[in-house]
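The structure appears right after this line, and notes come after that.
In this chain, numbering begins with 1 at the start of the sequence shown. Whatever order the structure lists them in is the order used to number ligands and atoms, beginning at 1.
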Amino acid sequence: MRGRASGLTALVLGAAAGGGFPQWNCGCHLCCLARSGDPRVRAATQASIAVTGNETDWVVVGASPDLRQQIVQNPRLWPAHGPRHSPLAAVVLLGGDVDAIAGLLVLRERQPFTVYAPVPLLDLLRQNNIFNVLDPAIVRQEPIVPDQPVRCPGEIVLTLLEMPGKLPLYLESRGATVAEPGPTFAARLEGNGRSVIMAPACAEITDGVRQHLRDADLVFFDGTLFTDDEMIAAGLGQKTGRRMGHVPVSGPGGTLEGLSDLPGRRVLLHINNSNPILLRDSPERRQVEAAGFEVAFDGMEVVL
Ligand SMILES: [Zn+2]
């Protein structure tokens with residue numbers, strides 16, 4: 001305890017998108033800078049935050065494959081009572097990609113906690129036998145549905161928010177082979193009258209998205225790519241950001257434009273290693289900061 005009876009604390013466990021920064025097989029300019037220890041960039045693990053309303057019990061949003069390392073790096077998540085204990089009381093799942101669920105596997109040491117997830121994601125866990133390492137008698141699974149608040153550990157009220165997901169095939173550019181329409185999710189966590197939203201994936205900033213984000217004190221928002229064709233231009237992939245379900249930070253319809261009038265703190269998170277905002281003195285980073293956005297980093301702590 002830190003002697004505070006009220007407020008909400010959010011801790012960034014990982015700021016990077018899938019693959020992390022640097023990514024193991026990536027030889028791009030930024031990954032090379034990160035490997036060389038250049039002070040203008042910070043290495044980052046894959047996207048996850050932890051939130052608490054009582055400074056004791058934490059709700060982790062996003063179970064990245066780096067979760068073990070993230071717990072090791074953050075003393076707030078270390079055992080505090082007796083031979084077996086963890087302040088990690090709950091995990092919220094928002095997506096079914098490897099970088100969003102694989103972290104559950106490192107929590108397999110017969111430690112009780114609760115997994116909150118939309119039904120399709122709980123089904124995904126059941127269909128993959130490897131997740132049986134989390135004994136349901138010890139690790140409770142709690143389905144959550146959009147817009148229906150549930151009470152969580154840590155004096156937190158959790159609400160699942162539906163977000164625009166990957167675009168339907170008919171809207172995609174040539175070369176796409178699989179249609180992946182449908183929603184993705186964000187999480188709103190409220191405690192002591194303060195609120196934080198974790199939205200690591202959003203394909204398009206609609207009026208509905210703006211409505212969801214409007215009254216939050218702090219928003220961690222999809223900062224995957226600075227420009228929609230960034231991966232293609234750098235020779236790192238074939239897909240645009242929108243094709244992957246991520247609205248670009250810049251340009252028409254991008255995040256800087258679409259979320260320019262949000263009243264709360266706006267922090268870009270889930271940043272791909274190709275994104276030039278990772279470089280502290282880049283023009284793109286200056287553009288983001290001039291627009292009133294912050295760039296998340298591992299270990300960033302915000303007390304609301
Ligand atoms: Zn790279």
*For Leu278 and Phe21, run side chain to side chain contact (heavy atoms under 4.5 Å, CB included): C-alpha distance rounded to whole Å, both residues' side-chain angles, the deciding distance at 0.1 Å, then the answer.*
CA-CA 9 Å; Leu278 288 168; Phe21 179 54; 4.0 Å; yes

*Tell me, with the steps shown, if Asp217 and Arg265 meet side chain to side chain contact (heavy atoms under 4.5 Å, CB included).*
CA-CA 6 Å; Asp217 297 295; Arg265 272 178 80 169; over 6 Å; no

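Distance check for Asn273 against the Zn ion (ligand 1): an N/O/S atom falls below 2.8 Å. For a distance bound of 2.8 Å, the N, O or S atoms of Cys26 include one lying that close to the Zn ion (ligand 1). In summary, Cys31 places an N/O/S atom under 2.8 Å from the Zn ion (ligand 1), meeting the contact criterion.
Cluster annotation: Leu304 is connected to Met198 through the hydrophobic network of ILVMFWY side chains, with a link wherever side-chain heavy atoms come within less than 4.5 Å.
There is a side-chain donor-acceptor pair under 3.5 Å between Thr45 and Asp298.
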